[in-house]
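Right, one structure below, let's go through it.
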Amino acid sequence: MNRPRLTDRTALLRARRRAERAPGGMADFLHRAAAAEVEERLELVNRSFTAPAVVSGFPDLWAGLFPGAAQVTDDEILSLEPGAHDLVVHALALHWANDPVGQMVQARLALRPDGLFLACLFGGGTLGELRGALAAAEMAELDGLSPRVAPMGEIRDLGALLQRAGFALPVADSVPLTVSYRTPLHLMRDLRAMGETNALAARHRAPVPRRLFTRMAAEYSAVHAAPDGRIPASFELIVLTGWAPAATQPKPLRPGSATTRLADALGTTEHGAGDSGD
């Protein structure tokens, strides 16, 4: 049975190329924020990586952010050689993957034993204000809802994907960011310059009436505008970390294999169930 597609790849690639040609330049500040998060975690690892690769939708941008790394586009079949890398970074593209676990498995297979996988992607806290304003506008103007903002995973679910993909020592953490815009339409313009416009396979293909966005802007401002009239836009960066399995990695003990009692380790007296300890 065919898996339903989340993303229309043709539309996504078109949006990305349009962003690269944006009149004021691509809005790349979230990519730079993601790169900073990756760099911070690499510093904590305190290990030298000699064969890194970066998977992204904007290879030219990430070549500047991670010079020396192999740059790989986020195609459904990744151009990664098995066992060729000690670090694979999946850079702000996994939220558009039709098969995110498949992308992670391909990254794991490209790693050497004890190689590091780092992914940064948008999480479920992203663009909550815009989702609500669009839903209210559609109900008012079009009498129904349609897919307009990509669904994004919650941190617990995304962390579980690391385990499904076969990574050891999985960790997921969240980085909330809030960006201020003059109006909701300025936010929409920035999303276009990021390449993050609607590329959902299930999107409506008919032209969107202008009144929908006028109503969306009014709904957004009515609920979220600050006293100076500016509006916030929330973004959540989820950072996933996992390691290619290796025999040298720490393993959890089997249940019942402990040789030291917890009471001894804590320097306390052990009491049986129902014993008050008085």
Side-chain angles (χ1 to χ4, degrees), residues 7 9-10 12-17 19-21 25-122 158 161-162 164-173 175 194-196 199 237-246 248-249:
T7 302
R9 292 286 302 179
T10 300
L12 178 62
L13 294 176
R14 185 167 58 242
R16 289 172 171 174
R17 301 296 82 82
E20 292 175 327
R21 300 191 302 268
M26 179 182 169
D28 61 4
F29 62 94
L30 291 174
H31 287 268
R32 295 184 182 279
E37 293 297 329
V38 171
E39 288 282 12
E40 180 178 322
R41 283 154 182 79
L42 291 178
E43 290 175 5
L44 293 173
V45 170
N46 193 27
R47 178 190 295 189
S48 295
F49 295 96
T50 59
V54 176
V55 178
S56 78
F58 295 96
D60 291 343
L61 170 62
W62 280 87
L65 296 173
F66 273 77
Q71 298 296 324
V72 177
T73 56
D74 64 325
D75 300 324
E76 298 201 358
I77 304 299
L78 299 176
S79 297
L80 291 170
E81 294 295 325
H85 302 283
D86 54 5
L87 170 66
V88 173
V89 176
H90 209 299
L92 219 55
L94 199 56
H95 55 284
W96 282 118
N98 283 313
D99 182 8
V101 175
Q103 292 272 302
M104 292 184 189
V105 169
Q106 292 179 71
R108 176 175 59 78
L109 294 175
L111 286 168
R112 300 166 186 168
D114 206 31
L116 177 61
F117 173 73
L118 269 167
C120 196
L121 66 157
F122 291 123
L158 294 171
L161 297 185
L162 286 168
R164 287 180 56 191
F167 285 106
L169 309 173
V171 176
D173 60 293
V175 182
M194 294 177 197
E196 293 290 340
L237 296 182
I238 303 292
V239 183
L240 304 177
T241 307
W243 297 84
T248 56
Q249 291 167 348

Open item on the list: Working note: Val171 + Val239, criterion side chain to side chain contact (heavy atoms under 4.5 Å, CB included); need CA distance, chi angles, decisive distance, verdict.
Closed with: CA-CA 8 Å; Val171 176; Val239 183; over 6 Å; no
- [ ] For side chain to side chain contact (heavy atoms under 4.5 Å, CB included), just list the numbers for Arg47 and Leu116, CA-CA rounded to whole Å, side-chain angles, deciding distance to a tenth of an Å, and then say yes or no.
- [x] CA-CA 10 Å; Arg47 178 190 295 189; Leu116 177 61; 5.9 Å; no
Open item on the list: Run the side chain to side chain contact (heavy atoms under 4.5 Å, CB included) test on Leu94 and Leu158 for me, step by step, so that the C-alpha distance in whole Å, both residues' side-chain angles and the decisive distance to 0.1 Å come before the verdict.
Closed with: CA-CA 10 Å; Leu94 199 56; Leu158 294 171; over 6 Å; no
TODO: Could you check Val72 against Val88 for side chain to side chain contact (heavy atoms under 4.5 Å, CB included), going step by step and ending with a plain yes or no?
DONE: CA-CA 10 Å; Val72 177; Val88 173; over 6 Å; no
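Annotation: side chain of Leu118 is in contact with side chain of Leu42 (closest heavy-atom distance under 4.5 Å).
Arg16 CZ to Arg9 CZ: the interatomic distance, rounded to the nearest 0.5 Å, is 5.5 Å. Interatomic distance, Met104 CE to Leu78 CG, rounded to the nearest 0.5 Å: 12.0 Å.
Considering only residues two or more places apart in sequence or on other chains, Ala63 meets the side-chain contact (heavy atoms from CB on, under 4.5 Å) condition with Gln71. Scanning for side-chain contact (heavy atoms from CB on, under 4.5 Å) contacts around Ser48 gives an empty result, with sequence neighbours left out.
More than 12 heavy atoms of other residues, nucleotides or ligands sit less than 6.0 Å from atom CD of Glu20. Annotation for Leu44: atom CG counts as buried by contact number, over 12 foreign heavy atoms lying within 6.0 Å.
The aromatic rings of His31 and Trp62 lie perpendicular to each other, with more than 60° between the two planes, well past the 30° mark.
Using modelled atom types and a 3.5 Å distance limit, the side chains of Asp74 and Gln103 yield no donor-acceptor pair.
Screening residues 69-116 for ring-ring contact (aromatic ring centres under 6.0 Å, His included), with sequence neighbours left out, gives His95-Phe122.
For the pair Ala244 and Leu111, the tightest heavy-atom approach, listed with the atom from each and the gap, is CB-CB, 3.9 Å.
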